[in-house]
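Bear in mind the structure is a predicted one, so any value in this text is a computation, not a measurement. We name chains A, B, ... by the order of the sequence lines, and we start the count at 1 in each one.
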Amino acid sequence: MLRIHNTLTKRMEEFKPVENGMARIYVCGPTVYNYFHIGNSRVFILFDAFRSYLEYAGIKTTFIQNITDIDDKIINRAKEEGIGWDEVAEKYTAAYFEDCEKLNISRPDRSPRATEEIPAMIEIIQKLTEAGRAYTAENGVYFSVESFEGYGKLSGKRTDELMEGARVDVDEGKRNPLDFALWKFSKPGEPSWESPWGKGRPGWHIECSAMSSRYLGATFDIHGGGADLIFPHHENEIAQSEAASGKPFVNYWMHAGYLNIKGEKMSKSKGNFLLVRDILKEYKAEVIRMFILSAHYRGPLDFSGETIEAIKTAHSGIYHTLQELENYSAAPAASEEGFEGLKKAAEEERAKSIKKFKEALDYDFNTPRAFGVIFEAVAYAKKILGTKGFAVSEGSKEIMNGLASWIKEMTGVFKITPEIKPVDKEASDLVKEIEILRSEKKYEEADVLKKKLDESGYMLKFRPMGPVLIRK
RNA sequence: GGCGGCGUAGCCAAGUGGUAAGGCACGGGUCUGCAAAACCCUUAUUCAUCGGUUCAAUUCCGAUCGCCGCCUCCA
């Protein structure tokens with residue numbers, strides 16, 4: 001049974017999808033005016049992993065993630081770069097897809113772009129104006145927050161308290177300072193689209209309401225995003241969507257905690273960010289994903305070189321063990337041994353382990369706990385590899401294959417399975433030479449070759465059944 | 001000012017009232033001609049502090065301290 005912490009109720013709830021065996025998910029995507037940073041990637045990686053787990057657990061998913069390709073920041077960026085706003089959007093949309101692909105993030109089922117969904121937005125705005133819940137003012141069409149009783153239910157804010165807030169702007173001819181733009185009239189020279197109210201561009205929040213309902217229905221299962229979107233973005237989405245449809249908008253709201261750096265939230269405006277494409281130059285996607293998934297999604301996660309190095313080492317441990325399992329099993333079977341008991345024990349262990357893995361993820365996607373299970377499986381595999389009398393044979397080969405597939409079943413869910421390439425012939429030849437020299441007690445010459453092996457990125461591991469060559 | 005989060009070993013990090021997962025590092029040891037990035041073992045009577053509820057609290061309640069965040073764009 002899957003349980004999810006719902007921001008709306010602030011409780012852990014059993015997941016009951018609108019349609020049995022199906023999860024319809026919408027996650028707020030990027031505004032394409034810059035490359036995305038490791039903080040932005042947290043949400044992308046997290047929901048990609050959750051989606052992957054749901055599929056693994058037998059729940060089909062429909063996953064939509066928007067691309068905000070028109071907005072003030074894009075327009076400003078275009079001015080800075082001296083190119084068209086659409087060129088900016090195009091450039092960073094392409095970069096977003098590139099970076100996501102490098103991070104092993106699967107493509108959403110759809111990646112709708114705001115500028116291509118304007119008719120759907122106009123439709124909602126029209127419903128709202130007809131119902132008297134939106135009005136036209138000097139600078140645009142606004143949603144009337146007063147008209148929506150449940151305003152504040154997601155963020156826990158009260159309208160009267162918000163009104164006292166000094167930072168709510170009061171201009172633009174809005175009837176109420178809390179009212180927000182559905183449609184912004186364009187100034188000369190700005191990009192614009194036709195609408196029943198005049199030329200302009202959509203407000204920030206309306207695109208998500210339009211796209212989610214268009215592709216997932218008026219009520220869908222999961223809406224995700226960073227915690228910084230709870231207010232006002234998601235609060236406003238709820239207001240305009242529910243006011244227009246008269247139906248509950250989203251059943252489960254999920255919000256990811258911040259990615260911090262030196263204890264402070266990483267953000268573009270603070271300038272303390274690290275771009276994913278730069279980090280990818282130093283660390284593999286698997287390590288970055290593992291880093292993101294090493295903390296529970298709702299809590300804060302601090303990025304530091306020290307932490308990601310520790311994760312890198314831990315990931316190498318999985319890599320090394322997996323290689324041993326595969327490289328030994330590639331060896332020809334020598335003698336047959338009776339490993340039935342061991343095989344049975346390993347299979348039982350695997351069943352228990354997979355159960356624990358699922359339990360961890362079924363409990364509000366507890367990825368750190370799931371990692372604990374993965375490392376326990378790796379430790380179990382190492383224990384078997386270190387068992388005295390465990391020799392290369394048909395039977396042990398089968399056990400090792402089983403161990404490898406068990407570990408990969410779990411790492412596969414997170415898409416952190418290291419790629420295992422067979423060792424080069426030169427390297428294995430080197431090992432043979434070293435063994436010959438060692439048997440002849442020519443240690444100095446052997447050490448020269450050992451150093452060479454080391455420099456070419458390999459290491460020898462010694463097990464009761466003999467040495468095995470693996471990549472570092 | 002309003003609202004929210006966090007504080008668990010040297011560091012990272014789980015913990016669903018029943019007696020502290022896991023990772024990294026350290027230390028000890030093993031294999032080895034030597035060595036190791038290899039292998040094994042060990043490492044929190046204690047969960048920011050102080051009270052309370054309970055047979056039992058890291059978990060629930062209250063207060064205090066510290067850090068971070070949202071209330072404006074932000075994933």
Residues [X] and [Y] bridged, charged N to O under 4.0 Å:
| X | Y | answer |
| --- | --- | --- |
| A/Asp302 | A/Lys262 | no |
| A/Glu359 | A/Arg369 | no |
| A/Asp71 | A/Arg201 | no |
| A/Lys356 | A/Glu376 | yes |

Among [options], the nucleotide that comes nearest once only the side chain of [X] is considered:
| X | options | result |
| --- | --- | --- |
| A/Arg42 | B/U16, B/A75, B/C39 | B/A75 |
| A/Tyr443 | B/G33, B/A14, B/C73 | B/G33 |
| A/Glu264 | B/C70, B/C73, B/C68 | B/C68 |
| A/Leu301 | B/A13, B/C73, B/A37 | B/A13 |
| A/Lys461 | B/C39, B/C6, B/A75 | B/C39 |

Touch class at under 4.0 angstrom, heavy-atom based, for [X] against every strand present:
| X | value |
| --- | --- |
| A/Lys265 | base |
| A/Lys450 | base |
| A/His296 | sugar-phosphate |
| A/Gly39 | base |
| A/Arg298 | nothing |
| A/Leu259 | base |

Can you tell me if [X] touches the phosphate of [N], counting only side-chain N or O atoms and a distance under 4.0 Å to OP1 or OP2?
| X | N | value |
| --- | --- | --- |
| A/Asn260 | B/G69 | no |
| A/Lys441 | B/U32 | no |
| A/Lys472 | B/A37 | no |

Exercise for review: Specify the residue among A/Lys10 and A/His37 whose closest nucleotide of RNA chain B lies further upstream toward the 5′ end.
Suggested key: A/Lys10

Exercise for review: Could you check A/Ser155 against A/Ala295 and say which one's nearest nucleotide on RNA chain B is further toward the 5' end?
Suggested key: A/Ser155

**Study point:** Separation of atom NZ in A/Lys442 from atom P in B/C34, rounded to whole Å
**Key:** 20 Å

Check your understanding: With centres under 5.5 Å and planes under 30°, do A/Phe231 and B/C70 count as stacked?
Key ->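 It does not: the two rings, one from A/Phe231 and one from B/C70, miss the stacking criterion.
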
Check your understanding: Mind checking the P distance from B/G5 to B/U43? Whole angstroms is fine.
Key -> 35 Å

Check your understanding: Is it the case that A/Glu13 and A/Thr9 place a side-chain donor and acceptor less than 3.5 Å from each other?
Key -> yes

Check your understanding: So which of A/Asn251, A/Ile222, A/Ile64, A/Leu216 actually passes side chain to side chain contact (heavy atoms under 4.5 Å, CB included) with A/Arg24?
Key -> A/Leu216

Study note, to complete from the structure: For A/Ala314 and A/Met290 the tightest heavy-atom approach is CB-CE, 3.9 Å

Review point. Within a radius of less than 6.0 Å around NZ of A/Lys102, do more than 12 heavy atoms belonging to other residues, nucleotides or ligands occur?
Key: yes

Check: protein-nucleotides 17-25 of chain B nitrogen or oxygen pairs below 3.5 Å:
from  : atom 1 : to       : atom 2 : distance (Å)
B/A21 : O2'    : A/Glu376 : OE2    : 3.0

